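Here is the structure we will look at.
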Amino acid sequence: MKKSLFAIIAFMLVAMSTYAQKNKANQSVSITIPEVLEIQIQEHEDDYTFNDSTGIENGTKDAFATAKLRVKANQGWKVTMTATDMAATINGSVETIARAALSYDVDGGSNTPLAGNSSVMQDVIDPQTNLPIPLDLNNLALGNLQEEVTVFGSNTIKTGGDKGGWGKPGHTMNVAYNVDLTEGGNADPLEYSPGTYEMDIVYTVSAE
């Protein structure tokens, strides 16, 4: 009788344990956050016409074109620019103005204005001479300019970007392009044939 009683109790305990195991179900869930690195050109001015021979011979024009950029990212980022030579098809032949004729000024954007004096300016190194490029404090077409550099292939125009959306301070940049035809391959700008010379400029945002 005692053996039967122990057997019944043992059976009940096993049954209760089995039931307890069946009244719960476990599930693991996860979410994946992809990389976000996006850049847009919000506003831009793209062209300029030299109106007379004096203007052509002088060969320079500050802020002849502009771009307003914005970035959103969920990690640290930087923005680089690459540019082609300026080219025009004239009488069936392609003529070029070297991209060294182009320089640009960049500020931190409307959300992060600089103080506009030399104490906050950054030295920019010319990759060809390894010397600082003189800052142009007179070109205030976009307000408080941070730096002026000449386009040699690829240039980093902003580093130290942080996480955030389009509207976060520091995620907007204004760029003004300057041209000096005497740096484009011909010392005399009148040696360039008449035509419309175009260049492609690409901005890339990447993780930093």
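These numbers come from a predicted model, not from an experiment. Residue numbers count from 1 along this sequence.
For the pair Lys61 and Leu181, the minimum side-chain heavy-atom distance is 4.5 Å or more. Side chains of Ile39 and Arg70 form no contact here, defined as non-hydrogen atoms less than 4.5 Å apart.
Rounding to the nearest 0.5 angstrom, the gap separating the CD1 atom in Ile33 from the CD1 atom in Ile31 is 5.0 Å. Met86 contributes atom CE, which lies 12.5 Å from atom OG1 of Thr196 (distance to the nearest 0.5 angstrom).
Not counting sequence neighbours, the partners of Glu38 by the side-chain contact (heavy atoms from CB on, under 4.5 Å) test are Val36, Lys72, Trp166. With sequence neighbours left out, Thr204 forms a side-chain hydrogen bond (donor to acceptor under 3.5 Å, both in side chains) with no residue at all. For Thr182, the side-chain hydrogen bond (donor to acceptor under 3.5 Å, both in side chains) test picks out Asp180, with sequence neighbours left out. Qualifying side-chain contact (heavy atoms from CB on, under 4.5 Å) partners for Glu35, counting only residues two or more places apart in sequence or in other chains: Leu37, Gln75. For Asp46, the side-chain hydrogen bond (donor to acceptor under 3.5 Å, both in side chains) partners are His44, not counting sequence neighbours.
Contacts classified as salt bridge (charged side-chain N to carboxylate O under 4.0 Å, His left out) and involving residues 194-208 (residues at least two apart or in different chains) are not found. Sorted by first then second residue, the salt bridge (charged side-chain N to carboxylate O under 4.0 Å, His left out) pairs that include residues 76-86, not counting sequence neighbours, are Asp85-Arg99. Screening residues 50-86 for ring pair (Phe, Tyr, Trp, His ring centres under 6.0 Å), with sequence neighbours left out, gives Tyr48-Phe50, Trp77-His171. Among pairs with a residue in residues 176-208, none fulfils ring pair (Phe, Tyr, Trp, His ring centres under 6.0 Å), at least two apart in sequence or across chains.
Between the side chain of Asn186 and the backbone N or O of Asp188, no donor-acceptor pair lies under 3.5 Å. Proximity of a side-chain donor or acceptor of Asn174 to a complementary backbone N or O of Thr66 within less than 3.5 Å is not detected.
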Intermediate values then yes/no, side chain to side chain donor-acceptor pair (under 3.5 Å), Glu95 and Ser193:
CA-CA 8 Å; Glu95 297 192 24; Ser193 299; 3.0 Å; yes
Under the criterion side-chain contact (heavy atoms from CB on, under 4.5 Å), I'd like the reasoning laid out for Asn178 against Leu102: C-alpha separation, chi angles, the key distance, then a yes or no.
CA-CA 6 Å; Asn178 314 307; Leu102 179 74; over 6 Å; no
Candidate pair Met173 and Val71, rule side-chain contact (heavy atoms from CB on, under 4.5 Å), full reasoning:
CA-CA 9 Å; Met173 293 149 281; Val71 170; 3.8 Å; yes
Please walk me through it: do Ile201 and Tyr104 pass side-chain contact (heavy atoms from CB on, under 4.5 Å)?
CA-CA 12 Å; Ile201 299 173; Tyr104 64 89; over 6 Å; no
Evaluate side-chain contact (heavy atoms from CB on, under 4.5 Å) for Leu69 paired with Gln42, printing each intermediate quantity in order.
CA-CA 6 Å; Leu69 312 174; Gln42 289 182 276; over 6 Å; no
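In terms of heavy-atom proximity, Gly59 sits nearest to Pro189 at CA-CG, 4.3 Å.
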Under 3.5 Å donor-acceptor pairs involving side-chain atoms of residues 51-58, not counting sequence neighbours:
unit_1, atom_1, unit_2, atom_2, d
Asp52, OD1, Thr54, N, 3.3
Asp52, OD1, Gly55, N, 2.7
Asn58, ND2, Thr60, OG1, 3.0

